[in-house]
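Input: a single structure, listed below in structure tokens.
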Amino acid sequence: MSLNKLFKATLSAAAIFAVAGTAAQAEEWKFAHEESPGDVQDLYAQEFKRLVEEKTNGDVTVTVYTYGQLGTENDITELTTAGAVQFSNASPGHLGTFVPEIQVFGVPYLLSQDNEVNKEVLSSSPTIYEGLSKDFESKGLKLYTMYPEGEMVWTTKKKVTQPSEFDGVKFRVMTSPILIESYESFGADPVALPWGEVYSGLQTSVIDAQVNPIFFIESAKFYEVTDYLIYAGQQQYTTTVVSNAAFYEGLSDERKDMLKEVKSELDDFIYEAQQKANAEALDRIKKAKPEIEVIRLNDEQRAAFKEASAGIGDSLVKEVGGDTEEVLKALRKEFGTEM
Ligand code: 6CS
């Protein structure tokens, strides 16, 4: 072989090796969430991306998709069960028709008023990670983590401080069936919608009220089309991050360990990030709309809503069955909210 030919053969072998090498290393994980850029789920997903890429020395790249890029909340759960997306946020508020048991997180007044307690339970509860996780596995999903996004605040066009004042109020809720029952028990007329339809729904009076954490009320601008922010202490917004179960099971032990490490670093990160996001958003809302009325229901007023919804846990147990009764009981104990 001439030197020239040898040089060309070596070059093409090197090129093939380089391409093959790149192909073997180029592993992409898709992470879809339910919120807008800069929202709490986006902060989580971006930090997950940073940590995974750093810990794998770039062998894995994570592509983050925000709300709408791959569809609505329910669409991204379906994409994850199908394996087209490796990770996604699937909030209990929208997950009720896929994993009915997770609706325990929609039971009013289940979580603690102390958010440090909520953080501990959501990040490490055996009831969640050993019990509820089996319900996810049976649907082809691996429950990766769970975290709080802040207290759910009602935004309404009408002042509401007791259940009778909800009469005739069309109240938007997320799509899990338990939420319809809960808001009916509070006295409202619930309407289930994806959040992308909420702003225009409020603007055109298709709905009169909705509930979300403050950071989201600011970012989706729901405060522009409502007049009251009402803290009823009734719920924390919780979300789960799920993975496609077959994908997760197929990972090497080394990758699984890396993901556990990432989860535990992110437990602290996201807890602090959501606190900051909610506090700053309330200040901005008050500045942008000084006439908005912020109402914090007192203990007596809260007790009326609590009493009105006291049967929701039992009806969930009846409807979903399985281990829901034990899960609810165990979670009430962990959150310190036994009845
Ligand atoms: O209200 C909703 O549907 C949306 N709220 C939040 C805080 N995150 C995503 C969710 O879909």
Side-chain angles (χ1 to χ4, degrees), residues 31-46 64-80 85 87-99 102-103 105-106 111 115 118 122 145-156 170-180 182-183 188 190-202 206-226 229-231 234-242 270-271 273-282 285:
F31 190 136
H33 65 73
E34 307 166 318
E35 296 177 357
S36 301
D39 282 349
V40 170
Q41 290 182 10
D42 193 51
L43 299 179
Y44 189 97
Q46 298 295 349
V64 175
Y65 295 90
T66 57
Y67 181 79
Q69 288 186 301
L70 298 179
T72 64
E73 302 89 340
N74 294 341
D75 295 330
I76 62 174
T77 305
E78 271 175 27
L79 287 172
T80 315
V85 158
F87 290 88
S88 65
N89 274 94
S91 297
H94 288 292
L95 203 54
T97 45
F98 286 92
V99 184
I102 196 69
Q103 292 183 99
F105 287 96
L111 271 76
N115 218 12
N118 295 331
L122 293 176
T145 195
M146 199 164 185
Y147 60 85
E149 294 192 40
E151 178 172 351
M152 297 282 270
V153 180
W154 299 335
T155 60
T156 59
K170 292 182 278 328
F171 199 110
R172 180 269 171 172
V173 295
M174 292 180 276
T175 53
S176 283
I178 182 84
L179 300 175
I180 297 272
S182 299
Y183 279 82
V191 182
L193 290 174
W195 78 257
E197 294 174 36
V198 173
Y199 187 95
S200 61
L202 287 166
V206 167
I207 47 172
D208 311 306
Q210 68 84 43
V211 55
N212 254 304
I214 284 291
F215 83 86
F216 199 74
I217 291 168
E218 196 231 350
S219 119
K221 306 212 180 303
F222 298 153
Y223 69 92
E224 289 182 352
V225 278
T226 42
L229 293 181
I230 305 169
Y231 288 75
Q234 166 251 325
Q235 198 88 274
Q236 276 284 322
Y237 187 99
T238 56
T239 191
T240 70
V241 176
V242 294
I270 200 60
Y271 180 70
Q274 62 82 25
Q275 255 182 340
K276 188 166 176 277
N278 282 301
E280 290 177 356
L282 184 57
I285 292 176

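Values in this document were obtained by computation on a predicted structure and should not be read as measured data. Atoms within a ligand are numbered from 1 in the order they appear, just like the ligands themselves.
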Check: Asp42 and Tyr67 side chains under 4.5 Å, non-hydrogen atoms:
no
Have a look at ligand 1 and work out which part of [X], if any, has a heavy atom under 4.0 Å from it: side chain, backbone, both or neither.
X	answer
Glu34	both
Pro213	side chain
Gln210	neither

What do you reckon, does Glu149 have a nitrogen or oxygen under 3.5 Å from a nitrogen or oxygen of ligand 1?
no
Under 3.5 Å, is there a donor on one side chain and an acceptor on the other for [X] and [Y]?
X	Y	answer
Glu34	Ser91	yes
Ser36	Ser219	no
Tyr199	Glu224	yes
Gln234	Trp154	yes

At what distance is the nearest protein heavy atom to [atom], and which residue and atom is it?
atom	answer
atom 5 (N) of ligand 1	Asn212 OD1, 2.9 Å
atom 4 (C) of ligand 1	Trp195 CD1, 3.5 Å
atom 9 (C) of ligand 1	Tyr237 OH, 3.3 Å
atom 11 (O) of ligand 1	Glu73 OE2, 3.0 Å
atom 8 (N) of ligand 1	Glu35 OE2, 2.6 Å

For ligand 1, which atoms, with element, lie under 4.0 Å from some heavy atom of Arg172?
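Listed by number with element: 1 (O), 2 (C), 3 (O).
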Please check this pair: side chain of Glu35 against backbone of Gln41, looking for a donor-acceptor N/O pair closer than 3.5 Å.
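Yes; judged by distance alone, with no hydrogens or angles, the pair exists.
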Students often mix this up, so state it plainly: with edges at 30° and 60°, are the rings of Tyr44 and Tyr147 parallel, tilted or perpendicular?
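Judged by the thresholds at 30° and 60°, the geometry between Tyr44 and Tyr147 is parallel.
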